[in-house]
Peer 1: 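Encoded as structure tokens, here's the structure I'll be asking about.
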Amino acid sequence: MRALGLIALLGLSGSFGFPAEAEEVNWWPAGVAQTTPDSAIGAVRVDSWQGGGPLFFGRTGADGNQAGGFRPFFVFWNDPDAGTAETDWFYPLLTHRESATDSRWSLFELVNFAGPKDPHAAGVRHFDIWPFYFSRDTGDPATSYHAVFPLHGTMQDRLGYDRLSWTLFPFYGRFERRGVVTTATPWPFIKSIEGDGYHGFALWPLFGWKEKPNVERDRYYLWPLIYKNE
């Protein structure tokens, strides 16, 4: 569930959809509640409430979804039937998301972890500290990695590339996507391109070329003043 959807869900005039017989109990600002008589339990069921003005709140939908929190410090939403949940502390400072099988948390979108909800279950685990440390643990050394930027490292299937490698970046970088490998020494000034039938070289920004015979040919001079694609 995305943040905008969560905000809409938590509004007191939201779209949970109360039964026609729902009643409001109003002791604002101490508390306000929407209640519905429930013959199954022989009592009144509280569908939503808020206390301390707009600070504390909670809701339970007809489908069993629950939401609540203490604005603006803490907000939660969960679907017990699906096993999904979202929790925010001082959003977007700290967020936590759970699906039926996976768990993910993020500290200001800079320190991130993602992996199986069960810590003992097999699966892929990612842990990043942007932009300095990146890791993936699959249980297989061939597909796992630990990379420290800009010192040295290799990442797979990240940032739109099949493989990224660097050593003392920007002095050396290697970028592979769909079989085409671009090597920069140093980036972005000197580049060579090989793979999947392509060949190329660039001394940026003076000139550069890349071609695949009978398919494509690119040229530029004094970038971005002169560029040609065939």
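In this chain, numbering begins with 1 at the start of the sequence shown.
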Peer 1: Could you check whether any side-chain N or O of R174 sits under 3.5 Å from a backbone N or O of T154, counting only pairs where one atom can act as donor and the other as acceptor?
Peer 2: no
Peer 1: Okay, side chain of W166, backbone of V148: is any donor-acceptor separation there less than 3.5 Å?
Peer 2: yes
Peer 1: Should the pair K191 and F201 be classed as cation-pi, given the thresholds of under 6.0 Å to the six-membered ring centre and 45° from the axis?
Peer 2: no
Peer 1: Roughly how far, to the nearest 0.5 Å, is the CH2 atom of W105 from the NE2 atom of H96?
Peer 2: 10.0 Å
Peer 1: For H199 and E211, test the side chains for any donor-to-acceptor distance below 3.5 angstrom and give the result as yes or no.
Peer 2: no
Peer 1: According to a 4.5 Å side-chain heavy-atom criterion applied to Ile, Leu, Val, Met, Phe, Trp and Tyr, with indirect links allowed, do L159 and F127 form part of one hydrophobic cluster?
Peer 2: yes
Peer 1: Tell me whether F171 at atom CZ has more than 12 heavy atoms from other residues, nucleotides or ligands lying less than 6.0 Å away.
Peer 2: no
Peer 1: Do you reckon L55 sits in the same ILVMFWY cluster as F90, going by side-chain contacts under 4.5 Å, direct or chained?
Peer 2: yes
Peer 1: How are the rings of F134 and W130 set to each other: parallel, tilted or perpendicular (split at 30° and 60°)?
Peer 2: perpendicular
Peer 1: I'd like to know if R158 pairs up with D128 as an ion pair, taking the criterion as any Lys NZ or Arg NE/NH1/NH2 lying under 4.0 Å from an Asp or Glu carboxylate oxygen.
Peer 2: yes
Peer 1: Any link between M155 and L168 through a network of hydrophobic side chains (Ile, Leu, Val, Met, Phe, Trp, Tyr) touching at under 4.5 Å?
Peer 2: yes
Peer 1: Atom CZ of F175 and atom OG of S165: how far apart are they, to the nearest 0.5 Å?
Peer 2: 9.0 Å
Peer 1: How long is the straight-line distance from CD1 of I129 back to CG of L110, given to the nearest 0.5 Å?
Peer 2: 10.0 Å
Peer 1: Go through the steps for V180 and I193 under the test side chain to side chain contact (heavy atoms under 4.5 Å, CB included), then give the verdict.
Peer 2: CA-CA 7 Å; V180 180; I193 302 169; 3.7 Å; yes
Peer 1: Between T167 (side chain only) and Y172 (backbone N and O only), is there a donor and an acceptor less than 3.5 Å apart?
Peer 2: no
Peer 1: In this structure, are over 12 heavy atoms from other groups packed under 6.0 Å from F70 atom CZ?
Peer 2: yes
Peer 1: Counting distance only, does the side-chain N/O of R97 pair as donor-acceptor with the main-chain N or O of T87 below 3.5 Å?
Peer 2: yes
Peer 1: For side chain to side chain contact (heavy atoms under 4.5 Å, CB included), just list the numbers for D157 and R136, CA-CA rounded to whole Å, side-chain angles, deciding distance to a tenth of an Å, and then say yes or no.
Peer 2: CA-CA 10 Å; D157 301 316; R136 181 173 71 181; 4.0 Å; yes
Peer 1: Does CG belonging to D140 count more than 12 external heavy atoms closer than 6.0 Å?
Peer 2: yes
Peer 1: Would you please classify the geometry between the W89 ring and the F74 ring as parallel, tilted or perpendicular, with 30° and 60° separating the classes?
Peer 2: tilted
Peer 1: Honestly, is R177 close enough over Y161, meaning NZ or CZ under 6.0 Å from the six-membered ring centre and within 45° of the axis?
Peer 2: yes
Peer 1: Can we say D196 and K212 salt-bridge, meaning some charged N sits less than 4.0 Å from an Asp/Glu carboxylate O?
Peer 2: yes
Peer 1: Taking the six-membered ring of F57 as reference, does the NZ or CZ atom of R71 fall below 6.0 Å from its centre and within a 45° cone about the axis?
Peer 2: yes
Peer 1: Quick check for you: to the nearest 0.5 Å, what is the distance between E98 atom CD and T84 atom OG1?
Peer 2: 9.0 Å
Peer 1: Kindly say whether T138 contributes a backbone atom to a donor-acceptor pair with the side chain of S144 at under 3.5 angstrom?
Peer 2: yes
Peer 1: Measure the CD1-OG1 distance between I190 and T185 for me, rounded to the nearest 0.5 Å.
Peer 2: 5.5 Å
Peer 1: Roughly how far apart are Y220 OH and W209 CH2, rounded to 0.5 Å?
Peer 2: 12.0 Å
Peer 1: Say whether F108 and F113 are linked into one hydrophobic cluster, either directly or through other cluster members, by side-chain heavy-atom distances under 4.5 angstrom.
Peer 2: yes
Peer 1: Examine the side chains of D88 and T95 and answer whether a donor and an acceptor come within less than 3.5 Å of each other.
Peer 2: no
Peer 1: Centre-to-centre under 6.0 Å for F149 and Y133, is that the case here?
Peer 2: no
Peer 1: Do L93 and F73 land in one hydrophobic cluster if side-chain heavy atoms of ILVMFWY residues count as linked below 4.5 Å?
Peer 2: yes
Peer 1: For the side chain of K210 and the backbone of R217, is there at least one donor-acceptor N/O pair under 3.5 Å apart?
Peer 2: no
Peer 1: Would a 4.5 Å heavy-atom cut-off, applied to side chains only, mark E216 and N229 as touching?
Peer 2: yes
Peer 1: Using side-chain heavy atoms (C-beta onward) and a distance below 4.5 Å, is H126 in contact with N112?
Peer 2: no
